[in-house]
Amino acid sequence: ETFLASAAEETCVWIDCVAVNQHEDTNPTQNAYDVAAFKDVVAACSGGMIVLIDMARCNPATRAWCLHEWDYCLHFHGPDGLHMQGISSDELAAIVQRVSFVKAECQYSRDRAMIEQKIIKHHGSAQAFD
């Protein structure tokens, strides 16, 4: 709640679950546009990305799309641009140690292949990203 308390008036926040339609069956044209624009949106977020984590509901490190978002944030803004909130330092360390793209879940194999290709492009291999 307090992460952006001292942010400048012109600060913008991108809410992923609202901004990017990952459900291609609801509107295929919009989905294709949203996914294609993803890279540019993350690049434009000059302050990086805030990740709110509720480990009781989901470990984002086990989801390929979450790792995709983290990959682009790290690519454009470095580790200081990835702001993990809602967890302790020990919980964050445990998440980082468990990151494994090979084990990450993804509903569609073509999405997983696309995400893996981007991660390899940015990091040389999925293991290097982990």
Side-chain angles (χ1 to χ4, degrees):
E1 291 181 13
T2 61
F3 188 78
L4 294 172
S6 62
E9 183 79 22
E10 63 274 4
T11 298
C12 297
V13 177
W14 166 45
I15 301 176
D16 178 359
C17 64
V18 176
V20 177
N21 177 3
Q22 295 177 1
H23 306 281
E24 63 185 26
D25 58 333
T26 60
N27 185 338
T29 303
Q30 185 65 46
N31 168 262
Y33 176 77
D34 286 352
V35 172
F38 183 82
K39 176 182 87 166
D40 295 333
V41 172
V42 174
C45 294
S46 60
M49 176 183 297
I50 300 170
V51 179
L52 301 176
I53 299 175
D54 182 352
M55 290 296 288
R57 293 180 182 239
C58 173
N59 177 351
T62 65
R63 301 175 50 108
W65 274 101
C66 291
L67 296 179
H68 180 54
E69 295 168 7
W70 296 1
D71 166 48
Y72 266 112
C73 182
L74 293 168
H75 177 70
F76 288 116
H77 308 295
D80 289 339
L82 188 57
H83 310 284
M84 304 288 204
Q85 302 293 306
I87 58 174
S88 70
S89 296
D90 290 340
E91 290 170 319
L92 176 58
I95 288 173
V96 170
Q97 290 173 353
R98 286 182 275 169
V99 169
S100 172
F101 182 78
V102 173
K103 295 179 184 176
E105 301 169 6
C106 193
Q107 184 173 2
Y108 300 112
S109 60
R110 67 183 173 280
D111 287 355
R112 180 182 190 68
M114 178 272 298
I115 294 167
E116 183 174 25
Q117 180 184 38
K118 303 290 185 191
I119 285 175
I120 290 170
K121 179 181 177 184
H122 296 150
H123 301 278
S125 70
Q127 293 77 18
F129 170 76
D130 295 349

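Residue numbers count from 1 along this sequence.
Taking NZ from K39 and CZ from F76, the interatomic distance works out to 5.5 Å, rounded to the nearest 0.5 Å. Atoms CG and CD1, on D71 and I115 in that order, are 9.5 Å from each other to the nearest 0.5 Å. We find the OG1-CD distance between T62 and E105 to be 5.0 Å, quoted to the nearest 0.5 Å. With rounding to the nearest 0.5 Å, the separation of NE2 in H75 from SG in C73 is 11.5 Å. L74 contributes atom CG, which lies 10.0 Å from atom CG of D80 (distance to the nearest 0.5 angstrom). Going from atom CD of Q85 over to atom CG of L92 covers 10.0 Å, rounded to the nearest 0.5 Å.
Looking at heavy atoms from C-beta onward, E116 lies in side-chain contact with F101 at the 4.5 angstrom threshold. Looking only at side-chain heavy atoms (C-beta outward), V99 and L67 come within less than 4.5 Å of each other. Counting heavy atoms from C-beta outward, K118 and H68 have side chains that approach closer than 4.5 Å. Side-chain contact between Y72 and V41 is absent, with no heavy-atom pair separated by less than 4.5 Å.
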* For the pair D130 and H123, evaluate side-chain contact (heavy atoms from CB on, under 4.5 Å) and give the outcome as yes or no after the intermediate values. => CA-CA 9 Å; D130 295 349; H123 301 278; over 6 Å; no
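The backbone N or O of F129 sits nowhere less than 3.5 Å from a side-chain atom of H122 that would complete a donor-acceptor pair.
Grouping the Ile, Leu, Val, Met, Phe, Trp and Tyr side chains by contacts below 4.5 angstrom, directly or via other members, places W70 apart from I120.
Taking every heavy atom of both residues into account, A104 and A64 meet most closely at CB-N, 3.7 Å. A pairwise comparison of heavy atoms in C106 and R112 identifies SG-N, 3.7 Å as the closest pair.
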